[in-house]
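These notes are about the structure you will find just below.
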Amino acid sequence: MSASPELVTKIERWNERFQKKSPDEILAFFLGEFRGRIALASSLGAEDQVLTEKILKIDSNSKIFTLDTGRLFPESYDLIARTNDKYGCKIEVFFPEAKKVEEMVNQKGINLFYHSIENRKLCCGIRKVEPLKRAFKGLDAWICGLRKDQSVTRFFTKIVEWDESNGLIKINPLLEWTEKQVWEYIKANDIPYNVLHDHGFPSIGCQPCTRAIKPGEDVRAGRWWWEQPEQKECGLHGKSENIKA
Ligand code: SF4
C-alpha cells in the first residue's frame, strides 16, 4: 500500500524536524500525535526493552505488544513477566491461530522448518506474519527498535518511514543509538532484559531457530543458521536484516 503524496511530504518534514532529536523527544511527539493508534511491536530484544521503559515513562497506557509463536525460549516468557511486574504494565500477547498451527504441524511435522525454506516460511507466516497483521489492526503507526549500526543496509533507514507492507507509519526512535548506548542505558536504569543475551545470543527469536554465536560471527548468524544468508527472510519486514521478531 502506497502513502498519499500529502503523507510523504509530512514524513519528510518529520524527518527534518526530528533528525537531531533524542529518542525521548521523538517518542513524546509521536505518542501524542497518534494517541490510541500507535504501538510498540516488541521483539523483547534489548532495544525494545529500552523503548518499553521510555514509552511507559511518557504514557503508562501506551500499547505494547509482542508475538508468542508458541516456540519461544522459556527465558523470553520470563522476560515478559518480569517486564510486566517491573513497570506494572501488560504487554499484549498475540498468538497464532490454533487451527492453522494444528493443520500445519499435523501435515508437515512439529519441526517442519528444518526440512525446507518453503516449510520455514509457512511456519513464520502462520506463527508470526498473520498475528502481526492482526496486532496492527486499527493502528496508524508503529514503533520499532531498529538502529543504523545493526547492518549496512540500515544506514539509509530514516527516523520516520512509510511501511508499505503493513500500510503504516513506522517510527525508529533509536536509529542513531549504538549497541554500547543501548546496554549502558539498560544497566543504568536496571531494565529487565533476556538473560540469553549474557550467553552468546545477540538476536533471540524462536527456540528451534536460534542458536548462540561464536566471537567474531555476524550477530544474525545464529538465526536460521542452516540456511544461506540470502534465504533468511520471514516476511515480517521483508529482508532478513530487518526482522526483529
Ligand atoms: S522462527 Fe522458526 S519456529 Fe519461529 S515461526 Fe519461524 S520457522 Fe517457525
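Ligands are counted one by one from 1 in listed order, and the atoms in each one are counted from 1 as well. Sequential numbering from 1 along the given sequence is applied to the chain's residues.
- Ring pair Phe136/Phe65 is perpendicular by interplanar angle, where above 60° counts as perpendicular and below 30° as parallel.
- Applying the 4.0 Å criterion to heavy atoms of Cys209 picks out, from ligand 1, the atoms 1 (S), 2 (Fe), 3 (S), 7 (S).
- Of the candidates Cys206, Gly125, Gly70, Cys206 brings a heavy atom nearest to atom 3 (S) of ligand 1.
- Residue Arg127 approaches ligand 1 through these ligand atoms, each under 4.0 Å from one of its heavy atoms: 5 (S), 8 (Fe).
- Taking the centre and axis of the six-membered ring of Phe29, the NZ or CZ atom of Arg17 falls inside the cone set by 45° and 6.0 Å.
- Using the six-membered ring where Trp is involved, Phe30 and Phe18 have ring planes that are tilted, between 30° and 60° apart.
- Close contacts of ligand 1 with Arg120, meaning ligand atoms under 4.0 Å from a residue heavy atom, involve 7 (S).
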Legend entry - Candidate pair Asp59 and Arg35, rule salt bridge (charged side-chain N to carboxylate O under 4.0 Å, His left out), full reasoning: CA-CA 10 Å; Asp59 180 356; Arg35 188 179 297 274; 3.1 Å; yes

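- Relative orientation of the Phe113 and Trp226 rings is tilted, given thresholds of 30° and 60° on the angle between their planes.
- Within ligand 1, the atoms closer than 4.0 Å to a non-hydrogen atom of Lys128 are 1 (S), numbered from 1 in the order shown.
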